Amino acid sequence: ARAPEIDFSLAVDVFDAQEDSKGKWMFNISIKTPSGNWKVKKSSADFDKLHSQLIKNPKFKGLSIPEVPLKRGKLLTGTIQDKQTRLAEYLKIVLRRTILLSSPEVKKFLDMPEPVRRPTQTLASMQIKPIKTGYMQKQGEKFKAFRRRWFVLYKNYVLTYYESEDALKAGEAPKGSVDITEVQKILVYEDSATPHSFGIETPARKWLFQCDNAEDKTSWVDTLQRLMDSPEFEPFIPDFSTEEQDAPQDTENAPQDTENAPLKESQENLEHQEEKTKLSVEIKRLEQKLSELKTRHEQEKAIIKKEQSEDVQRKLSTMREELSGQKKLLQHAAYEVQKIEDQMKKQEELHKRETQNWESRFLESQNEIETLRTQTNQQSSEEKKQVMLEGKLVKYPGDTDNKVKIKSGKLKNVTFIHKNTVTRIFWASDREEQMRRLEVEDITYDDERIMNMMPIDKRECWFKIKGARVAVFQTMDKDERDKWVDTIKSCLLR
């Protein structure tokens, strides 16, 4: 079905292939649309260039683009008619895809006139609107690890994913895409080691996605299925029908050449006669083939009818015996279904209770942590005196003096603890679950190498912890740096 927003169709044909003395092939291409008809002449190298541009365009990464029937700029073996037919089929597949037809590469290849550019661009802009967006985890094709990506499902049957939502807003190229026109089926996993997951199966790959919760999973699966089942959106341009081609054209917008009109008319008449002759020969060949197929069909039909008659008799006899036990089987099946439904309800209730228990235990743990932290701050005895210092500092990578890199620091949650004879410093980012730690043996901000690498405005805002390895941190200002240094030095002197 055609896309409801705009009425547009297209027909393409390749004819009159010629090879020059240098072995270079040239092809005449005819394009017909409701907005105008025109012809272009392209070489085999032009086809190679177009195909290379399409597969290298990051916007088309993951789309199903056919292989051009060329090898190193030369056509594969076959008759001239075969070569023309294969190139025409290649162009039909590429040009009928809305997202490809509106691309700058295709417009330049076709020398597309302005009256045709406008409807193709309008159709493309309508179909680039997103249907659904959101974060999901995607399993890699070679390495099976999951990575969190920002997904956008467009009306043009392309599910594109980006590094993040901010990457899309910044205009960065997508990481890849899934061609929904190639989807064979959507796989829904109920009992899976990967919860809230579903899959998409295509001829080239089986995709696996994991959502944050069951609601997101159901929403994504339903939206994809509706897009595939509904005729509201159409990723392909319909063929320009014979009736449309015979209809009067808009001569004001169509390209014209008044000076060579008689010559063009003569050439078109000659081409028309050649095409008519070819069609006549092809029709006779198809009629003969159809007659042969009908004869073969009648013969096979008689054989199949006889075999089916014997088979039906055997099956009827077997079915009479099986029908007597069908009622018991149905009753047993109904019992099993009810049993499974009861088990599922029990599992749902158990899962709900476990979730509530987990949330309760989590809150208890949080309260215990706060209590321990309060108790720790309140301890003041000389035998068990504890010092704690917390803050958000920039941590520079590198665990030895020679490996410290100043230009790639990241903000970390840093905690210093001194208890009895133990002096440690801990750090981790908001996203890291496990904190890294270092036994503190010394602290300094007198390191000429690090000082020279630091920006001038930050040369009084850093310090280095020494232990089994080193760790360099940066504070907001000098006062905060002095607080950390004085506190840690006083603990080391105890």
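One-based numbering along the sequence shown. As the structure is a prediction and not an experimental result, all values here were calculated from the model.
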Those residues that, when tested against R469, pass side chain to side chain contact (heavy atoms under 4.5 Å, CB included) (two or more places apart): D399, W427, R436, L438

Report the C-alpha distance between V158 and F60 in whole Å, list the side-chain angles of each, state the deciding distance to 0.1 Å, and finish with yes or no for side-chain contact (heavy atoms from CB on, under 4.5 Å). CA-CA 9 Å; V158 178; F60 304 147; over 6 Å; no

Please report the interatomic distance CG(L123) to OG(S125), rounded to the nearest 0.5 Å. 8.0 Å

Taking only residues two or more places apart in sequence or in another chain, which ones pass side chain to side chain contact (heavy atoms under 4.5 Å, CB included) with M26? K24, K41, S43

Let me see the working for V414 and E390 under side-chain contact (heavy atoms from CB on, under 4.5 Å), right down to the final yes or no. CA-CA 6 Å; V414 184; E390 293 180 311; over 6 Å; no

When the side chains of residues 88-110 are checked against the rest of the protein, which donor-acceptor pairs come out under 3.5 Å, sequence neighbours left out?
from : atom 1 : to   : atom 2 : distance (Å)
Y90  : OH     : H51  : ND1    : 3.1
R96  : NE     : I237 : O      : 2.8
R96  : NH2    : I237 : O      : 3.4
R97  : NH1    : D179 : OD1    : 3.3
R97  : NH1    : D179 : OD2    : 3.0
R97  : NH2    : N156 : O      : 3.4
R97  : NH2    : D179 : OD1    : 3.1
T98  : OG1    : P235 : O      : 3.1
S102 : OG     : T98  : O      : 3.2
S103 : OG     : L100 : O      : 2.6
S103 : OG     : V106 : N      : 3.4
E105 : OE2    : N57  : ND2    : 3.1
K107 : NZ     : Q121 : OE1    : 2.7

Flag for E172-Y162: side-chain donor and acceptor within less than 3.5 Å: no

Using a 6.0 Å distance limit plus a 45 degree cone around the ring axis, check whether R481 lies over the aromatic ring of Y445. yes

Other residues, nucleotides and ligands only: do more than 12 of their heavy atoms fall within 6.0 Å of CZ on R147? no

What pairs of donor and acceptor atoms, side-chain ones from residues 457-464 against any protein atom, are under 3.5 angstrom apart with sequence neighbours left out?
from : atom 1 : to   : atom 2 : distance (Å)
R459 : NE     : M451 : O      : 3.2
R459 : NE     : M454 : O      : 3.3
W462 : NE1    : R459 : O      : 3.2
K464 : NZ     : D401 : OD1    : 3.1
K464 : NZ     : D447 : OD2    : 2.7

With a 4.5 Å cut-off on side-chain heavy atoms, are L208 and S197 touching? yes

Hey, are the side chains of Y154 and K129 touching, using non-hydrogen atoms and a 4.5 Å cut-off? no

Do the side chains of I425 and T415 get nearer than 4.5 Å, heavy atoms only? no

Taking atom NZ of K407 as the centre, does the number of heavy atoms from other residues, nucleotides or ligands within less than 6.0 Å exceed 12? no

When you look at K466 and E441, which way does the salt bridge (Lys or Arg N to Asp or Glu O under 4.0 Å) test go after all the steps? CA-CA 6 Å; K466 294 183 179 179; E441 297 177 2; over 6 Å; no

For W207, does the six-membered ring have the charged nitrogen or CZ of K138 within the cation-pi criterion, i.e. under 6.0 angstrom from the centroid and within 45° of the normal? no

Would the number of heavy atoms belonging to other residues, nucleotides or ligands and lying under 6.0 Å from CD of Q356 be above 12? yes

Checking K392 against N413: is there a side-chain donor and acceptor pair closer than 3.5 Å? yes

Count the heavy atoms belonging to other residues, nucleotides or ligands that lie under 6.0 Å from CD1 of I456, then report whether that count exceeds 12. no

Verify whether the ring centers belonging to Y135 and W150 lie closer than 6.0 Å. yes

Strictly by ring pair (Phe, Tyr, Trp, His ring centres under 6.0 Å), give each pair with a member in residues 183-202 just once, sequence neighbours left out. F198-F209

Which atom pairs, donor and acceptor, lie under 3.5 Å between side-chain atoms of residues 335-355 and protein residues at least two apart or in another chain?
from : atom 1 : to   : atom 2 : distance (Å)
Q338 : NE2    : D342 : OD1    : 3.1
T355 : OG1    : H351 : O      : 2.8

